[in-house]
Every structure is written in structure tokens, then in C-alpha cells.
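Sending over a structure as C-alpha cells; questions will come in a sec.
Letters A, B, ... mirror the listed sequences (proteins, then strands); counts begin at 1.
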There are 2 protein chains.
Amino acid sequence: MRIPVAERRAALVAATLAVVERDGLGGASARAIVAEAGMPLGALHYAFPSLDHLLAAALDAVTDQERLAAEALLGAGVDGSLEATLAAGLDAYVSLLIARPARELAYLELMLQASRDRLDREPGTGRYARSYAVVAALLEEAAAATGHRWASPVLELARHAVAMLDGITTTWLADHDDAAARATARFLAAAVAAHAQKEG
Amino acid sequence: MRIPVAERRAALVAATLAVVERDGLGGASARAIVAEAGMPLGALHYAFPSLDHLLAAALDAVTDQERLAAEALLGAGVDGSLEATLAAGLDAYVSLLIARPARELAYLELMLQASRDRLDREPGTGRYARSYAVVAALLEEAAAATGHRWASPVLELARHAVAMLDGITTTWLADHDDAAARATARFLAAAVAAHAQKEG
DNA sequence: TCCTCACTTGGACGACCGTCCAACTTGAGG
DNA sequence: CCTCAAGTTGGACGGTCGTCCAAGTGAGGA
């Protein structure tokens with residue numbers, strides 16, 4: 001089968017995400033990935049210089065697609081107060097986490113591996129910056145919809161929110177306490193909402 | 001050299017933590033660990049049934065020692081208001097993270113690996129429960145020292161704090177933004193302090 | 001139709017893996 | 001000093017790993 005290289009790369013990235021989600025980063029071997037993609041072994045080094053390059057590409061993809069898609073849920077229901085709106089969005093994320101924990105786990109594994117690789121090198125290339133921007137836009141939207149404005153820089157609040165989403169994830173992965181995770185989501189909603197003021 | 005089995009196990013656990021911190025979970029092979037411990041290869045399976053058992057023991061150890069030691073810093077400076085006290089403690093954690101990121105990274109890698117192993121099995125054995133209890137005790141102490149009492153269940157607040165500490169960690173690992181991490185620590189301090197009320 | 005060459009393939013290679021176990025060392029009891 | 005069981009060791013084993021590359025393949029130009 002003759003396939004454009006770009007398409008091959010995309011298929012390999014998708015297969016990589018599927019394997020990491022199913023078997024973890026340790027199970028993401030070259031053979032497992034090409035088997036998942038239904039490709040011969042050699043196709044990997046034809047499309048990517050090395051397995052590490054493929055894993056890096058997979059992290060970029062998950063940053064672009066999965067994360068943004070997941071966090072797009074946060075703007076789902078805009079009906080009540082600002083705090084209730086935020087709480088509903090964060091609760092939706094917790095539901096997604098509980099329903100598909102391996103996906104979030106896979107993302108964390110890829111991110112941690114990448115962060116180790118550049119611990120001694122230059123600081124991060126700002127891969128999270130896109131997440132911050134997306135969450136910041138959602139915060140703006142939620143404030144506008146409920147007639148508030150933010151008293152603190154929105155990008156800063158967004159970073160706090162992204163951090164806490166990560167924390168909710170790792171903590172739930174450790175204790176599987178659904179109710180506590182939702183409580184932490186409400187805690188975060190209140191903490192963020194405290195930085196808004198009713199528009200005059 | 002004849003060494004009691006318990007002492008051998010402890011040395012292997014310490015060596016495992018050193019290797020994971022230096023080379024990551026992927027570099028934590030049986031040979032790398034025994035080399036770090038200055039032991040022959042066979043010693044590992046003499047002290048532990050398998051490498052996985054050793055990694056599990058290492059996670060238990062880090063939960064008991066490193067984490068608690070790190071978080072004991074949180075109660076360091078008790079001088080100003082409650083919020084300032086909490087902020088100082090959390091800022092101390094951020095300093096520790098920036099100074100020794102590989103240690104926190106190693107802890108997260110071990111925790112995530114363990115959480116994947118029991119994704120399809122019984123829920124977590126409550127390994128984080130000890131962290132919650134320690135942080136809860138520190139919160140109680142900080143409130144008492146500044147004449148406050150907690151309006152929400154302390155254990156619940158502690159879980160939120162632990163979650164957010166994890167989030168601060170993963171987020172800083174991703175973007176290496178020192179100032180932003182400290183800002184998130186202050187955000188958390190304010191959010192937690194909001195759940196306290198001055199004692200009458 | 002056939003040639004050509006870029007694209008594609010999977011077996012080969014050396015390295016490393018976790019685990020096992022036969023051989024060796026050790027120190028206490030006789 | 002000898003015996004022997006308990007403790008200790010490192011080489012052997014089968015397997016998997018990432019990477020490479022010689023051979024195979026098929027679409028487009030002649």
C-alpha cells in the first residue's frame with residue numbers, strides 16, 4: 001500500500017496514542033505501535049527518524065486535539081451563576097476522567113517523559129501555553145455570559161485552573177474517590193469565581 | 001558480605017529511588033538498581049520476588065518518607081496571617097520543586113505506573129490517605145497558631161491542597177515557569193484560607 | 001510493453017531485559 | 001579443624017527491544 005508520508009505519520013501517531021492508553025508508556029514499543037497501525041515494522045523508521053520522535057509527535061498531537069477537545073466540555077452548560085457555571089464545566093471534566101481514566105493517564109505519562117528529557121536542557125517550549133489560552137477563552141466566555149469581569153489576569157487564572165485540573169487527575173488516579181474529585185472541582189470553581197466581580 | 005534481608009531491602013529501595021530520579025522509570029532496570037546499590041545481580045531476587053515488587057516497595061517508601069519530609073516544610077514559618085502562613089509553606093514546596101524537580105518527577109512516575117496497574121482492578125489502597133492526613137494536621141496547626149478554625153472538613157481541604165500541589169508540580173514540569181508556579185501557590189493559599197474563620 | 005527507481009518491507013543484528021539456578025562463600029556448631 | 005546448611009553470587013537463558021538495510025514491489029515515463 002502506497003500512502004503519503006504525512007498520512008502515515010498521522011496514522012502512526014493515532015496508533016501510538018491508542019497503545020499508550022491501553023498498555024502504558026512502557027508498552028509503547030515500535031512493534032506494538034506498527035501492529036496497532038496495521039503497518040510493517042520498517043514503516044516507523046521510514047516515517048520518523050526514531051521512536052522518540054514519534055512519541056514526541058504523539059505528545060504534540062494530544063496537546064492539540066485531545067486536551068482541547070476535553071476542555072471544550074468546560075463551556076458546556078452556561079445557565080446559572082458564574083461559580084455554578086464553572087463548577088458544571090469542571091464537573092464535566094471529572095466525569096470524563098472517571099469514564100476514560102487511561103486517556104488522561106496516557107497524556108500525563110507522555111508529558112512527564114517529555115519533561116524529563118528536557119530537565120537539564122532549555123525550559124519547556126511552552127507546550128501548555130495552548131491549554132492556558134483555551135481555558136482563558138472559556139473563562140472569558142463564562143464571565144461574559146453571567147455578567148462578570150475578571151479582577152485578575154485571565155491567563156493567570158487559566159494557568160491555576162489547568163494546574164488544578166492536573167491535580168484533580170493525578171489525585172483521582174491515586175485514590176479513585178469520585179466524590180472527593182467532584183468536591184475538589186467545586187473548590188476550584190469557588191476559588192476561581194472569587195476572582196471575578198459583578199459588572200456594573 | 002552478609003547483610004540482614006530487611007537491610008538489603010531498604011538499601012535496594014533507596015537505590016531504586018536514586019535510579020528513578022536520575023534515569024526515569026524506564027531506566028530502572030534490575031541491573032541499574034543493583035549497580036547503584038553496589039550489590040550483585042542476584043541480590044535483587046533474593047530480597048524481592050520480582051522487580052515489580054521492588055518498584056512497589058519504592059513507591060511505598062517515597063510515600064512514607066520523601067513526601068512527608070517535603071510537606072513537613074509547609075509548617076516551617078508561622079508568623080503572619082493564616083493566608084501568609086499557608087502561602088509561605090506552599091512557596092517553600094515550590095522552591096523544593098524547582099531545586100530538585102527530578103525527585104518529584106520520580107514520585108509522579110512511580111505513582112502513575114502504580115495507578116495504571118490497578119485501573120481495572122480494585123480501587124486504590126488509599127496510598128494518598130497518609131498525605132492527606134499529614135497536610136490536614138499542618139492545616140490544623142496553622143489555624144491554631146493564627147487563631148482560626150476551619151469552616152470545612154479539614155481532611156477535605158487537605159485533599160484539595162494535595163491535588164493542587166500535584167498540579168503545581170506537573171504544570172511547572174511542563175512550562176518551567178517559576179513565577180507562575182509561585183503565583184499558583186498563592187492562589188491556593190488564598191483559596192484554602194477562604195475556608196477558615198477567625199476564632200471568637 | 002518494459003524499465004526504472006523511489007517507496008516499502010520484514011528479517012537480521014547487537015544490546016539489554018527479568019528471571020532463574022548451579023556453584024561458591026561463609027560462619028556457626030560439633 | 002571439619003561439616004554443613006544458609007546465604008550469596010554472577011553467568012546462562014529465552015525473550016524483546018530499537019535500528020538498520022538488502023531485497024522486493026509497483027506506478028509512471030519511455
Side-chain angles (χ1 to χ4, degrees), chain A residues 1-61 106 109-110 112-114 116-118, chain B residues 1-61 106 109-110 112-114 116-118:
Chain A
M1 189 74 77
R2 278 170 118 86
I3 302 177
V5 199
E7 194 173 324
R8 237 176 227 288
R9 273 197 271 261
L12 282 170
V13 163
T16 301
L17 294 179
V19 170
V20 173
E21 181 173 338
R22 181 177 4 99
D23 302 324
L25 198 51
S29 66
R31 286 167 178 81
I33 291 170
V34 295
E36 177 76 24
M39 290 182 192
L41 178 56
L44 195 156
H45 287 86
Y46 164 68
F48 290 92
S50 76
L51 179 60
D52 285 336
H53 284 76
L54 171 54
L55 291 177
L59 177 57
D60 280 337
E109 284 178 325
L110 285 169
L112 287 185
Q113 160 119 146
R116 176 177 293 282
D117 289 343
R118 46 193 171 65
Chain B
M1 187 75 78
R2 275 171 118 91
I3 302 177
V5 199
E7 195 173 324
R8 235 177 230 287
R9 274 196 270 261
L12 282 169
V13 163
T16 301
L17 293 178
V19 170
V20 174
E21 181 173 339
R22 180 175 10 95
D23 303 324
L25 198 51
S29 67
R31 284 167 178 82
I33 292 170
V34 295
E36 177 76 24
M39 291 183 192
L41 178 58
L44 195 156
H45 287 87
Y46 165 67
F48 290 92
S50 75
L51 179 62
D52 284 337
H53 283 77
L54 171 53
L55 291 177
L59 177 57
D60 281 337
E109 284 178 326
L110 286 169
L112 287 185
Q113 160 120 145
R116 176 177 291 285
D117 290 343
R118 44 193 173 63

Value in whole Å for how far the P atom of C/dC17 lies from CD1 of B/I33: 10 Å

DNA chain D contacts made by residues 35-45 of chain A, counting heavy atoms under 4.0 Å: A/L41, A/H45

Between the protein and nucleotides 22-28 of chain D, which nitrogen or oxygen pairs are less than 3.5 angstrom apart?
none

Could you pull out the closest heavy-atom pair between B/A106 and B/V20, with the gap in Å?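 Of all heavy-atom pairs spanning B/A106 and B/V20, the closest is CB-CG1, 3.6 Å.
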
Rounded to whole Å, please give me the gap between CZ in A/R31 and P in D/dG18.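 So the CZ-P distance, A/R31 to D/dG18, works out to 7 Å.
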
For A/D60, enumerate each residue passing the salt bridge (Lys or Arg N to Asp or Glu O under 4.0 Å) test, keeping only those at least two apart in sequence or located in another chain. A/R127

For DNA chain C, the residues among residues 46-60 of chain B that have a non-hydrogen atom under 4.0 Å from it: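 Only B/S50, B/L51 qualify.
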
Minimum heavy-atom distance A/L44-A/L12, with the two atoms named: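 Heavy-atom minimum between the residues: CA-CD1, 4.1 Å.
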
Quick one: side chain to side chain donor-acceptor pair (under 3.5 Å) pairs with a partner in residues 38-51 of chain B, sequence neighbours left out? B/S50-B/H53

Could you give the distance from CD (A/E109) to CZ (B/R116), rounded to the nearest 0.5 Å?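 Taking CD in A/E109 and CZ in B/R116, the distance rounds to 4.0 Å.
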
Could you tell me whether the phosphate oxygens of D/dT16, OP1 or OP2, come under 4.0 Å of any side-chain nitrogen or oxygen in A/S29? no

Given 3.5 Å as the limit, does a donor-acceptor pair link the side chain of B/R8 with the main chain of B/A47, or not?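 A pair under 3.5 Å: no.
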
Return the minimal non-hydrogen interatomic distance between A/A57 and A/V13, and the atom names on each side. CB-CG2, 4.0 Å

Review item, side-chain donor-acceptor pairs of residues 23-42 of chain A, under 3.5 Å, at least two apart:
| residue | atom | partner | partner atom | Å |
| --- | --- | --- | --- | --- |
| A/S29 | OG | A/A32 | N | 3.2 |
| A/E36 | OE1 | A/R22 | NH2 | 2.3 |

For a quick test of reading the model: is some side-chain N or O of B/R8 closer than 4.0 Å to OP1 or OP2 of D/dT9? yes

For A/E7 and C/dC7, give me the distance from atom CD to atom P, rounded to whole Å. 15 Å

Listing request: all salt bridge (Lys or Arg N to Asp or Glu O under 4.0 Å) pairs with a residue in residues 40-57 of chain A, at least two apart in sequence or in separate chains. none

Going from OG1 on A/T16 to CG on A/L54, what distance comes out if it is rounded to the nearest 0.5 angstrom?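 Answer for the OG1-CG pair, A/T16 versus A/L54, is 3.5 Å.
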
Distance check, rounded to the nearest 0.5 Å: A/Q113 atom CD versus B/L112 atom CG?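 A/Q113 atom CD to B/L112 atom CG measures 12.5 Å (nearest 0.5 Å).
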
